[in-house]
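Presented below is the structure to which this report refers.
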Amino acid sequence: MKIKYYLLFILFSVVAFGQQNTIETKIDKTQNKIGAQFNLTLKTVVDTNATVVFPLTKSFGSMEVIRNYVVDTVKKDNRYELVKRYGLTQFEPGTYTIPSVQVLINNKPAFSNELKVQISDVVVDTLKQKMFDIKPVIQPENSGNNWWIYLLILFVLVLIGASAYYFYKKRKTSSASDELIFSTPIEKAIGLLKILEKKQLWQKGEIKLYYVELTDIAREYIEEIIEIPAKEFTTSELIVALRKASTVKKLKLTKESIANLEKVLRQADLVKFAKSKPLDFEIQEDQKRIEKSIISLHQSIPTEVEESPTAEWDELQKANQAAKNKKKKVTNIVVFSLFAILLFLGIVVATKGYDYLKDNIIGHPTKELLEGKWIRSEYGVPSVNLETPKVLKRIDFSQTVPKEMIPLLKEGSAFVYGSMQSNFYIGVITATPKAEMEYDLTAGLDNSVKMLGGQNVVYNHDEFSTKNGAVGIKGYGTFTKLDPVLKQSVKIYFEMVLFKENGGYQQVIVLHEEGDEYANQITAKVISSVEFNKAKE
């Protein structure tokens, strides 16, 4: 006599549910006008680990389902209250019966109550109401030709942003300095130092801003007098250039003046980049050092400096000017390129729409899979043959099977593309039992869905046949899960087919984010490609 095992498909186990489950049935109204919506509600209270399957149907008797709402889940103590709503309507007057429907709770049927509704016709009085001829269609003005308005707005916004950035980089000095006119560079530097002192920035706690303005005054003076790009140099580069200029231009600049300037600049670097906080007396000393350095530099400049330039100085000036021009050219190229890219993307969105931009320019992962080269291959023992956009990779079968199931299996294998945590996944599982076993495809499907681990699970199943005549079962539905990257709930659609062919068991599953039209096409193509080779006798 053969030993019969009731195998719950490869990944799953059945838990008995010993309570009597009831379905509370409600409808918002029993009378309505033709074409109006009735709201039917099915509610049940179950344990937190229970599996509930509400019917996915297009009609309840003669009542048409026009809206199928997502299951609402409310936790009450240690149990869940599940509420499923349907929007029903009918376009013929009369009395209709909403029949009792079956709800599966842990694979056990529970039934809703039967309800009756009355639908009345809409009376139209053609005698009292004056009738008019049908008016011709009026075409809206400029219909379909206003895309240029959005393009113009985008262009103006980008232009404003680019202009604001340009002027921000050009105008680094304070607004106070712009209002004043100085006759000489030394007068300007001393005047700006006095203005800075009146602002009392460091006394207000704005030490970083104080040192930025203090060193900018010194750098701007050096740039104007000695004609080196002091604002663009680091502290070390500036000191080296200043010493070289002192030699070339024969400046009577003392080592003490250069050392004082270097000390203040390095102190400023610590404040700006290392968040250093000098003491009050140190800040006052730094201001005095800058002022002395500027005055010393002014006094060291010969009267006829410009009349006797040397070849070495000319080379230095040319090199500095070339560096400035190169930096300006690179900046202009970057700004222009960004502007051109934004303009191009704006034109595409305005004329073709965002979906076209995402699908054809930015890139759509599932679209690329759909349009790529597909591979047909066999997986597992006994094998299942199917077509996929990428080759499936073998994973450790023992990690996908409950430990209590392993002794019952002779061998098994699992192959996947993607992962259950991602929003696109293809999986194939096959197994061969050690002895002849009785296997219920419906029970296997129910437990497969349960192991998906999602919430608000809604699914249905139908018989499924491959092109070469193999008969199995197909399950399809939706559930919600938490996206680990976006940290928000995502609705997932899945399809799976189960078979018991050639003395073994096979399962193919595809899941993806609901609403992805390319993933829908991939799913249909994968599922319809499933085939089985005839077992060798």
Side-chain angles (χ1 to χ4, degrees), residues 163-182 184-197 199 201-202 206-246 248-249 251 253 257-274 276 286-287 289-298 300-301 305-306 313-335:
S163 301
Y165 176 79
Y166 176 80
F167 285 110
Y168 171 77
K169 296 296 290 183
K170 287 292 183 182
R171 298 174 62 86
K172 290 184 178 179
T173 56
S174 62
S175 58
S177 63
D178 294 337
E179 298 174 357
L180 302 175
I181 299 176
F182 301 99
T184 62
I186 184 63
E187 182 182 337
K188 178 181 178 182
I190 299 301
L192 292 178
L193 286 175
K194 291 181 180 179
I195 292 173
L196 178 61
E197 186 178 0
K199 290 183 179 180
L201 294 177
W202 65 268
E206 297 180 3
I207 299 176
K208 180 178 179 180
L209 180 59
Y210 173 80
Y211 271 95
V212 169
E213 293 194 17
L214 180 66
T215 54
D216 279 351
I217 293 171
R219 287 175 180 271
E220 186 175 353
Y221 176 75
I222 294 171
E223 195 167 278
E224 290 181 2
I225 294 300
I226 307 183
E227 299 178 350
I228 59 175
K231 292 182 179 180
E232 299 175 11
F233 282 160
T234 63
T235 296
S236 299
E237 292 172 340
L238 177 58
I239 297 302
V240 170
L242 192 58
R243 286 171 178 164
K244 188 172 183 179
S246 177
V248 173
K249 300 190 75 170
L251 303 178
L253 194 60
S257 298
I258 296 179
N260 285 335
L261 177 63
E262 182 178 8
K263 186 174 182 179
V264 178
L265 292 176
R266 295 201 182 280
Q267 178 81 290
D269 290 340
L270 291 175
V271 172
K272 289 187 284 185
F273 305 116
S276 174
D286 286 340
Q287 182 178 3
R289 289 190 184 100
I290 286 291
E291 186 172 355
K292 288 180 180 179
S293 298
I294 291 174
I295 293 175
S296 176
L297 183 60
H298 172 69
S300 68
I301 299 174
V305 170
E306 295 183 358
W313 177 250
D314 289 341
E315 290 297 325
L316 178 63
Q317 289 293 84
K318 290 179 181 179
N320 291 335
Q321 187 61 40
K324 281 185 177 181
N325 293 339
K326 183 177 180 181
K327 184 175 181 180
K328 183 177 180 181
K329 184 177 180 181
V330 171
T331 302
N332 291 338
I333 291 174
V334 171
V335 172

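Residues: numbered from 1 along the sequence shown. Worth knowing before you read on, the calculation uses all heavy atoms, side chains too, and leaves out hydrogens, waters and symmetry mates.
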Partners of [X] by side-chain hydrogen bond (donor to acceptor under 3.5 Å, both in side chains), sequence neighbours excluded?
X      : answer
Glu224 : Lys188
Arg289 : Asp286
Glu291 : none

Any chance you could measure [X], atom [atom1], to [Y], atom [atom2], to the nearest 0.5 Å?
X      : Y      : atom1 : atom2 : result
Leu265 : Ile290 : CG    : CD1   : 5.5 Å
Asp216 : Glu223 : CG    : CD    : 10.5 Å
Leu192 : Glu187 : CG    : CD    : 10.5 Å
Ile217 : Leu193 : CD1   : CG    : 4.5 Å

Audit row: Ile190, Ile295, side-chain contact (heavy atoms from CB on, under 4.5 Å) steps and yes/no | CA-CA 9 Å; Ile190 299 301; Ile295 293 175; 4.2 Å; yes
What residue pairs, at least two apart or across chains, pass salt bridge (charged side-chain N to carboxylate O under 4.0 Å, His left out) with a residue in residues 265-274?
-> Glu262-Arg266
Partner residues of Glu197 under the salt bridge (charged side-chain N to carboxylate O under 4.0 Å, His left out) criterion, sequence neighbours left out | none
With Ile225 via side chain to side chain contact (heavy atoms under 4.5 Å, CB included) - residues at least two apart = Pro185, Tyr221, Ile301
Would you name the heavy atoms of Phe233 and Leu238 that are closest together and state the gap between them?
-> CB-N, 3.8 Å
Nearest atoms (heavy-atom pairs only) where Lys208 meets Val271 = CA-CG1, 3.6 Å
Taking the side chain as every heavy atom from C-beta outward, state whether Val264 and Asn260 have any atom pair closer than 4.5 Å.
-> no
Please tell me if the side chains of Leu261 and Leu242 come closer than 4.5 Å, counting only heavy atoms from C-beta onward.
-> yes
Polar side-chain atom of Arg243 near backbone of Ile258 as donor-acceptor pair, under 3.5 Å | no
Does the Thr215 side chain pair with the main chain of Tyr211, one donor and one acceptor, at a distance under 3.5 Å?
-> yes
Go through the steps to decide whether Glu213 and Lys199 satisfy the test salt bridge (Lys or Arg N to Asp or Glu O under 4.0 Å), and finish with yes or no.
-> CA-CA 11 Å; Glu213 293 194 17; Lys199 290 183 179 180; 3.1 Å; yes
